[in-house]
Amino acid sequence: MLYSVKMRSAQGGAHEEGGRHISGAERILPEEQLDYAVLTMLHRAREHERGRADFISLKVEEIKPQEIVYKPLLSFSTCPVKTAQEGHRAAVAELERAGVKPKAALKGLEMLENLHDSMRGAIVVDCESGMRIDGMGERGVRASKMDCVNSRGYDEYMQARGLTGDHVREALVLASKVAGAEGMVAELCWSDDPYYVTGYVASPLYGYRRIPVMKERGSGIGGRVFFVRPGTDMQKLINYLEEQVVMIQTGEVLTC
Ligand code: WAQ
Ligand code: MG
């Protein structure tokens, strides 16, 4: 049997009472790995570079096998950039290549740059008009209930490519779930952790394009934009992203 473990932490009280979001994490694991996962999350919530959490929520739920959908891991490659400015240019180029209209790509980028503080979730944008269409306000849409089928195989896959750490591990799984959504054209992301400056553009067509620098060091502003085709059913999309259990398979790596 598999279990979903979720953690979210905030400062100044719970999120729903106006607390500032510090960190979140989620795994789907077999029972024997639960204890360790819960401890690791607790530790992470209390030692986060965004600040000290005074509210931590941990939720553990059983997952029924029939609820699970399987999707492939996105392919992985890196854009050669050295500054945040080059990073933004590369991101816009990658978004356009994936099918986002130039105006919409720039609008999405601006939405993230203009955030005053992090959202918990993502902004959904129409890939042609560049309009925000999720109607989820400051919370945004959360991709949830995903992990990789074979954690050890996944860690080996990442290590073989010189990739270590939670950020990239989690981002590639999240991006793989997101890219598997109906109507999804591309995702733009960079971290809100002040000293983690790497971001990416991911798409069903070109996979996970890592961009080493997307912001200045020390900036606590980061976020995600999901670009979707016009006419995408939002209710269906939000339901897939937030509720559908998706396990990512490392065996079938997509190629560009
Ligand atoms: N669903 C939707 N949006 C999310 C989620 C989620 N589950 N988790 C975070 N976000 C949004 C939210 O607005 C955060 O402020 C923002 O994304 C950044 O989240 O080396 O660490 O967890 O290749 O800080 C990317 C590069 C790292 C990894 C991304 O994001 C690499 C990262 P963070
Ligand atoms: Mg973060």
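Counting starts at 1 for both ligands and their atoms, following the listed order. Just so you know, these numbers come straight off a predicted model, no measurement behind them.
Both cation-pi conditions hold for K177 and Y240: the charged atom is under 6.0 angstrom from the six-membered ring centre and inside a 45 degree cone around its axis. Within the cation-pi definition used here (under 6.0 Å to the ring centroid, within 45° of the axis), R161 qualifies as a partner of Y157. With a 6.0 Å cutoff to the six-membered ring centre and a 45° limit on the axis angle, R210 does not count as a cation-pi contact of F76.
With respect to R169 and D155, a salt bridge is recorded, a charged nitrogen being found less than 4.0 Å from a carboxylate O. Using a 4.0 Å cut-off between a side-chain N of Lys or Arg and a carboxylate O of Asp or Glu, R142 and E242 do not qualify as a salt bridge. One finds a salt bridge joining E94 and R97 here, because a Lys/Arg side-chain nitrogen approaches an Asp/Glu carboxylate oxygen to under 4.0 Å. Taking the charged nitrogens against the carboxylate oxygens, D117 and R50 do have a contact shorter than 4.0 Å, which makes a salt bridge.
Distances between N or O atoms of G121 and those of ligand 1 include at least one value under 3.5 Å. Of the N or O atoms in Y200, none lie within a sub-3.5 Å distance of an N or O in ligand 1. Checked against a 3.5 angstrom limit, the closest N/O atoms of D192 and ligand 1 fall inside it. Geometrically, ligand 1 and C189 share no nitrogen or oxygen pair separated by less than 3.5 Å.
Protein heavy atom in closest approach to atom 1 (N) of ligand 1: A143 N, 2.8 Å. The protein heavy atom nearest to atom 21 (O) of ligand 1 is H167 CD2, 3.0 Å. Distance from atom 9 (C) of ligand 1 to its nearest protein heavy atom, with residue and atom name: R224 NH1, 3.2 Å. At the top of the distance list for atom 4 (C) of ligand 1, counting protein heavy atoms only, stands R120 O, 3.5 Å. From the protein, the heavy atom lying nearest to atom 18 (C) of ligand 1 is W190 O, 3.6 Å. Scanning the protein for heavy atoms near atom 16 (C) of ligand 1, the closest one is G223 CA, 3.4 Å. Regarding atom 8 (N) of ligand 1, its nearest protein heavy-atom neighbour is R142 NH1, 3.5 Å. Atom 12 (C) of ligand 1 has its closest protein heavy atom at M119 O, 3.1 Å.
Listed by atom number, the atoms of ligand 1 under 4.0 Å from S118 heavy atoms are 15 (O). Residue R210 approaches ligand 1 through these ligand atoms, each under 4.0 Å from one of its heavy atoms: 20 (O), 23 (O), 31 (C). Close approach of ligand 1 to D193 is summarised as follows: ligand atoms under 4.0 Å from at least one heavy atom of the residue are 24 (O). Shown in contact with Y208 at under 4.0 Å from a heavy atom are these atoms of ligand 1, numbered in order with element: 23 (O), 26 (C), 28 (C), 31 (C).
Using bins of under 30°, 30° to 60° and over 60° for the plane-to-plane angle, the ring pair H15/H21 lands in the tilted bin.
Side-chain contact of E182 with T232: a donor-acceptor pair under 3.5 Å is absent, judged by distance alone. Side-chain contact check for E49 and Y196: no donor-acceptor pair (N or O, by modelled atom type) lies under 3.5 Å. Using modelled atom types, one finds no donor on one side chain facing an acceptor on the other under 3.5 Å when comparing T40 with R27.
In this structure, G222 counts as a contact residue of ligand 1, since one of its heavy atoms falls inside 4.0 Å of the ligand.
Atom CD of Q85 has 12 or fewer heavy atoms from other residues, nucleotides or ligands within 6.0 Å.
Neighbouring protein atoms of the Mg ion (ligand 2) (N, O or S, distance under 2.8 Å, waters ignored): D192 OD1, D193 OD1.
Considering only non-hydrogen atoms, atom 2 (C) of ligand 1 lies nearest to V141 out of T78, L172, V141, T164.
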Could you go through residues 57-74 and list every donor-acceptor pair under 3.5 Å that involves a side-chain atom there, pairing it with any protein atom two or more places apart or in another chain?
from: E67; atom 1: OE2; to: K64; atom 2: N; distance (Å): 3.0
from: K71; atom 1: NZ; to: G180; atom 2: O; distance (Å): 3.1

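Aromatic rings from H88 and W190 are positioned such that their centres are separated by under 6.0 Å.
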Test salt bridge (Lys or Arg N to Asp or Glu O under 4.0 Å) applied to E170 and R44, step by step: CA-CA 14 Å; E170 289 169 4; R44 182 162 152 180; 2.8 Å; yes
